Amino acid sequence: MAGRADIADEAAAVPSAGRAIAKTRTRKDGAAVALDELDRKLLNLMQGSFPIAAQPYRRVAELGGTSEAEVMSRVERLLDKRIIRQVTPIFDTRALGYSSMLVAAKVDPERPHRAAQVINQHPGVSHNYLRTHEFNLWFTIATEPDSELGLDGTLEVLAREAGAESVRQLPTLRLFKIRMDLEMEGDTAALAHAAEASEPIELDPQPYDELDISVIRALQGDMPVVSEPYAAAARALGVGQAALLEHLAGMQERGLLRRVAAILYHRRAGYSANGMGVWQVPEERILEVGRQMAGVRGISHCYQRPTYADWPYSVFTMAHGRSKQECDAVLDSIAAHTGIDERATLYSSTEFKKIRLLYFTEDFKNWESRHT
């Protein structure tokens, strides 16, 4: 790829830049904040149309019918009000060779916070929720490609230290959708709208090298709200911004980088409910139904996962709504459209952890050294 040689000479010397401190929502930050029409439009654009370009805020301004200065001012305010969590690159965990899965654990319902605290200490745990089910603690976890413990060994340690009575591993067998955009302008009908069916997404690890790792380290974490937000990473790498942008476009083509976007605090943005709809889908219909479910606007994640004797649900969908009723409406529309009626809906009652993973840091190895 053109521009690659320009970066390669300097990349190996770049330290683990871009380290971001995980932002946790306190109880006082849970209430929704009033937003005007332009706020909502810009939030939609920042989630789905933030380009890999020298001046991305200028492009967002063009799409929003306002000025670059106004966009940046509002983004700064939305960050300060904790409606936007961060503006950040979203790298693909599986494409980078990390092993990852969703895990359901049955922990002491009287003391779930203790178990959550133990599990949250692992740097690969990005999401951890208390949900309304006998399996009450649900978390996602990733381990590095060269992990000594591996995913199975790590889960054994966590289950033992958290005092979990039972653990169900729910790896992704087929990925239909992973795109967390909150619809900020449309109503319930817009969330329940079925768009074009989605094809399953390739999950295999993709090739990458030390140059890619250096770019990730330089760019991951919170991006500055400035006219040229990629410039600081280019300077850290010792290259021109154009060369970095070209390399990022190549990483996107190779599947290592999904997009760059604003990540929102759901409750502060008005989305007070998220329901994990799990469905009993006949094996012969999983591909057809998964594609249809993934096409619904209000669904952010759609996967096929393994079943167990005590867990018969093969397709998982994450619905987000401004109320439990809105989530139910999205899931009801899916049932009506697909004819699949056997489902359960697990609502989150407590968010114990929600961060974006930081890749290629020493945190993973440090955790393993303390637990092996």
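Computed from a prediction, not measured in an experiment: that's the story for all the values here.
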Restricting to non-hydrogen atoms, name the atom on [X] and the atom on [Y] that form the minimum distance, rounded to 0.1 Å.
X	Y	answer
D146	K365	OD2-NZ, 3.5 Å
R40	L35	NE-O, 3.8 Å
I84	A262	CG2-CB, 4.1 Å
L245	A54	CD1-N, 3.4 Å

Query - Contact list for residues 111-123, test salt bridge (charged side-chain N to carboxylate O under 4.0 Å, His left out), sequence neighbours left out - result: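 Every salt bridge (charged side-chain N to carboxylate O under 4.0 Å, His left out) pair that includes a residue of residues 111-123, provided the two are not neighbours, is D108-R111.
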
**Report entry** Any pair counted as salt bridge (charged side-chain N to carboxylate O under 4.0 Å, His left out), so long as it reaches residues 271-280, sequence neighbours left out
**Finding:**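 Counting only pairs at least two positions apart or across chains, no salt bridge (charged side-chain N to carboxylate O under 4.0 Å, His left out) contact touches residues 271-280.
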
Query raised in the report: So, do F364 and Y359 have ring centers that fall under 6.0 Å from each other?
Result: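 Not close enough - the centres of the two rings lie 6.0 Å or further apart.
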
Query raised in the report: When the ring centroid of H113 is compared with that of F352, is the distance short of 6.0 Å?
Result: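 Ring centroids of H113 and F352 are less than 6.0 Å from each other.
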
Query raised in the report: Are D222 and R356 within salt-bridge range, i.e. N to O under 4.0 Å?
Result: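 No.
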
Requested in this report: State plainly whether the residues K41 and E37 are in salt-bridge range, i.e. N to O under 4.0 Å.
Outcome: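 So K41 does not pair with E37 through a salt bridge.
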
Query raised in the report: Does a side chain donor of either S314 or T307 reach within less than 3.5 Å of an acceptor in the other side chain?
Result: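 On atom types as modelled, these side chains do not qualify, holding no pair under 3.5 Å.
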
Query raised in the report: So, does K177 use its side chain to make a donor-acceptor pair with the main chain of V296 at under 3.5 Å?
Result: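 Here the side-chain-to-backbone pair exists.
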
Requested in this report: Could you tell me whether a side-chain N or O of Q292 sits under 3.5 Å from a main-chain N or O of H337, the two making a donor and an acceptor?
Outcome: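 Judged by distance alone, no pair lies under 3.5 Å.
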
Query raised in the report: side chain to side chain contact (heavy atoms under 4.5 Å, CB included) with A104: which residues, sequence neighbours excluded?
Result: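 For A104, the residues satisfying side chain to side chain contact (heavy atoms under 4.5 Å, CB included) (neighbours in sequence not counted) are F135, W138, R168, L170.
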
Query - Verdict with reasoning, F316 to W279, per side-chain contact (heavy atoms from CB on, under 4.5 Å) - result: CA-CA 6 Å; F316 287 55; W279 308 78; over 6 Å; no

